[in-house]
Amino acid sequence: MLRGFYGAASGMLAQQRQTERLSDNMSNINTPGYKEDQGSNRTFPEMLIQAQNLDHVPGRRSTPIGELATGVYMQDRSQNFSQGDLRETENQTDAALWQEALPEGEEGEPGALFFRAVNADGEERYTRNGNWAVDGQGFLTTSQGNYVLGEDGDPLNVGNENFTIAADGTVTDEEGEETGQLAVAYAENANDLVKEGGGLLRLEGEEEGAVLPSAIGNEEIDYQVNQGFLERSNVDPGETMTQLMNSYRIFESNQRMLQTYDQSMQRAANDIGRLG
């Protein structure tokens, strides 16, 4: 009976985490460059149940009865870095990355490209959100005020909003002079990146101070920067809503099962306990 409690409770916890993941995706459908979170449920190792207390019976020993599942859990939460559709905004300060061809990593999957930026502490971060602005000093910044970096590793100064970006990321100011090139980083394994908030991602699992390699000059990488466009979120609203409703139903089913076990335990304690 107690094993049933654990199984139903673990199912509720797993679906709660799935609901949180799907709700985050739904709330960021209109966030430029947002990459949906994915998650998968997995069962705990099964137990082999055996009949006990048979040693007193001549010729009988503990014998296997069968296997018993011990519940489920959400194994991991990773991001889907597939290319999102582009939406034209006609704003000079907007830019979107379009990945043409990327080499496959060790796991047989292509990596991903990112713009470089720095957070408030001056640490390098990465983003696909090209919804930018120009501050009072002429520096290109993210919507959260973080500096966008050039290929030289310094904040990119564009002068004012009347600048142009070529397909390779080269920036030309209002006077027609080149002011630098947008830094584009390549992640062979994009799952090494963790969401930090504000559209920024940080590299995790590497040595302190490690950064992603540059995609510029890599002949295996083909991409282009599109000025006046923003990359849409790659969240599918219809599919996500269907998964969300399904997760709610599974949660409620486990909840009813837990209530049934609870009523059975109460009856065992209150009614059967009075016998004799």
Side-chain angles (χ1 to χ4, degrees), residues 1-47 49 66-85 87 99 105-112 114 125-129 144 187-205 230-265:
M1 184 68 71
L2 290 176
R3 294 192 182 101
F5 268 113
Y6 297 141
S10 69
M12 291 175 66
L13 289 172
Q15 293 307 318
Q16 180 182 352
R17 294 189 175 96
Q18 291 283 16
T19 300
E20 293 171 354
R21 174 184 67 82
L22 294 167
S23 297
D24 287 344
N25 288 341
M26 287 295 294
S27 64
N28 284 283
I29 284 179
N30 296 318
T31 301
Y34 179 83
K35 302 304 179 184
E36 69 168 347
D37 283 338
Q38 297 178 320
S40 59
N41 289 342
R42 183 175 180 179
T43 60
F44 288 108
E46 294 183 343
M47 295 175 57
I49 306 301
E67 295 181 346
L68 177 70
T70 55
V72 299
Y73 65 101
M74 193 169 81
Q75 182 180 11
D76 55 17
R77 181 167 171 170
S78 59
Q79 300 178 68
N80 172 16
F81 286 96
S82 62
Q83 175 73 51
D85 296 331
R87 173 174 61 87
Q99 302 172 172
E106 295 180 357
E107 298 180 358
E109 296 183 0
F114 303 91
R125 295 294 185 262
Y126 309 95
T127 183
R128 293 284 296 206
N129 188 340
Q144 303 296 321
E188 180 178 324
N189 184 2
N191 287 321
D192 289 338
L193 296 168
V194 179
K195 291 179 180 178
E196 192 174 72
L200 298 181
L201 302 165
R202 73 173 185 273
L203 182 61
E204 194 171 76
L230 286 176
E231 181 183 3
R232 296 178 184 269
S233 162
N234 64 357
V235 177
D236 185 328
E239 180 182 353
T240 302
M241 182 58 69
T242 300
Q243 292 178 358
L244 192 58
M245 294 175 63
N246 186 53
S247 184
Y248 275 131
R249 286 194 290 267
I250 296 175
F251 181 90
E252 291 174 348
S253 297
N254 280 281
Q255 185 180 43
R256 288 193 294 270
M257 187 181 299
L258 197 63
Q259 292 172 343
T260 300
Y261 278 122
D262 183 54
Q263 293 170 359
S264 299
M265 291 293 290

* May I ask you to say whether E231 pairs ionically with K35, meaning some side-chain N is under 4.0 Å from a carboxylate O? => yes
* To do: Please assess N191 against F81 for the test side-chain contact (heavy atoms from CB on, under 4.5 Å), listing each intermediate value before the final yes or no.
  => CA-CA 9 Å; N191 287 321; F81 286 96; 4.1 Å; yes
* Asked: Any sub-3.5 Å donor-acceptor pair from R21's side-chain atoms to D37's backbone N or O?
  -> yes
* Structure fact -> All heavy atoms of S247 vs all of Q15, minimum pair found to be OG-OE1, 2.8 Å
* To do: Considering non-hydrogen atoms only, spot the tightest contact between K195 and R202 and give its length.
  => O-NH1, 4.1 Å
* Asked: Which value, rounded to the nearest 0.5 Å, describes the distance between Q243 atom CD and N246 atom CG?
  -> 8.0 Å
* To do: Check N234 against E36 and note the closest heavy-atom contact, atom names and distance.
  => OD1-N, 2.9 Å
* Testing N80, T31, N25, D24 for side chain to side chain contact (heavy atoms under 4.5 Å, CB included) with V235, which one passes? -> N25
* Atom pair CD/CG of Q16 and N254 - distance to nearest 0.5 Å -> 12.0 Å
* Asked: Do side-chain atoms of Q79 reach the backbone of L193 as a donor and acceptor pair under 3.5 angstrom?
  -> yes
* **CG-OG1 distance between D236 and T242, expressed to the nearest 0.5 angstrom** => 8.5 Å
* Pair R128-Q83, side-chain donor/acceptor within less than 3.5 Å -> yes
* Asked: By salt bridge (charged side-chain N to carboxylate O under 4.0 Å, His left out), which residues pair with D85, not counting sequence neighbours?
  -> none
* Closest heavy-atom contact between T127 and G199? -> OG1-O, 2.8 Å
* Separation of N129 CG from Q144 CD (nearest 0.5 Å) -> 8.5 Å
* **For the student: nearest non-hydrogen atoms of S233 and I29, plus distance** => CB-O, 3.1 Å
* Should L201 and F114 count as side-chain neighbours, where that means a heavy-atom distance under 4.5 Å? -> yes
